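Contents: one structure, followed by commentary.
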Amino acid sequence: MPEGHVIHRLATQLTAAFGDEPVTVESPQGRFAAEAGRLDGAVLAGADAVGKHLFIEFDVPEPRWVHIHLGLIGKLRIGTGLSGEGEIRLRIRDGATSAQLHGPQWCRAVTTAEREAVIATSGPDPLRPDADPEVGFERLLRSKKSFAALLMDQRIAAGVGNIFRAEVLFRHRLRPTTPGCEVDRHTWQVVWEDLVGLMHGAVEVGRIDTVMDAHSPEAQHRAPRVDPHGGEVYVYRRAGQPCLVCGRAVRTAALEGRNLYWCAGCQNRKRA
DNA sequence: CTTGCATGTGCAT
DNA sequence: TGCACCTGCAAGT
């Protein structure tokens, strides 16, 4: 279940559970077996996240990082009483806790230089204090693709996925089809700052809640659907159901292979 | 039991 | 633009 907040939570949990400790590393499923053997028994130095990329550092000669991307269906479970069912690409454990990786898009050993290259090509991550939203804005201005499509582009805002893009556009009543090159600086600033808040909230709570604050006129309609995958949302996966603010049916359409959800009644603005 | 869908990405066409 | 990839889950038979 991976948008950026999930990956950042996992990095924090891994560091808390295993940081500066020797760990057992194995790959029951086999596809990471050689690398796991090399890391088995090493000290896990820590973990961090950039967008949807997770990096785990070990105190070994290069390559000293495990680079994980969960993709659409990957899962990393961390806990004390895990079942061990299913295919486990990577398991890290100490006497108390284990972390089990299932179905990742990638799981590979990388050098520090390769890790830097991933970070360099990534856009600003609203969850990282060093992020520069200006970098995302410049890329936005160079594209004629729709704002909605560009919000999923990890070089513009790393860690944003289908839920955050749909909800942040809804919260500011923004039309999804506005071309990136026509998004003005103020609108981008507002969207960016809202993503910073929403994503930090999601990291804390462990799910995506996009309820508007009490001051907004929409707040009186605060009964968003609780999506079992996401949290409290206004439009994500609510196709055909009445908009919680205006009552019009929420629309959906495939955009570059992903389903976009929006309310055509509310989202009629070009700028925030 | 089977089928289809899912918070993602990269490659081929 | 479409497809392959990896797995889990819910809905349908």
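In what follows, chains carry the letters A, B, and so on, assigned in the order in which the sequence lines appear, proteins first and then strands, with residues in each chain numbered from 1. On a predicted model such as this, the values are computed, not experimentally measured, just so you know. Hydrogens, waters and symmetry mates play no part in the numbers below; they use all other heavy atoms, side chains included.
- Dashed line: the shortest gap from a side-chain N or O of A/H69 to OP1 or OP2 of B/dT9 is under 4.0 Å.
- Contacts with DNA chain B (heavy atom under 4.0 Å) in residues 25-38 of chain A: none are found.
- Remark: A/H102 is in phosphate contact with C/dG8, judged by side-chain N or O atoms under 4.0 Å from OP1 or OP2.
- One atom, CD of A/E167, and another, P of B/dT7, lie 13 Å apart when rounded to the nearest Å.
- Neither side chain, A/Q100 nor A/R77, offers a donor N or O lying under 3.5 Å from an acceptor on the other.
- Rounded to the nearest Å, the gap between the C1' atom of B/dC5 and that of C/dC3 is 16 Å.
- Judged as a salt bridge (Lys or Arg N to Asp or Glu O under 4.0 Å), the pairs with a partner in residues 122-133 of chain A (not counting sequence neighbours) are, in order, A/D48-A/R128, A/R128-A/D130.
- Taking the P atom of each, C/dG8 and B/dG10 are spaced 23 Å apart, rounded to whole Å.
- Side-chain N/O atoms of A/W65 and A/T111 include no donor and acceptor closer than 3.5 Å.
- For the OP1/OP2 pair of B/dT7 and a distance below 4.0 Å, the side-chain nitrogens and oxygens of A/R258 include at least one atom meeting the criterion.
- Comparing the same atom, P, in C/dA4 and in B/dG4 gives a spacing of 15 Å after rounding to whole Å.
- Checking the phosphate oxygens (OP1, OP2) of C/dT7, no side-chain nitrogen or oxygen of A/K75 falls inside 4.0 Å.
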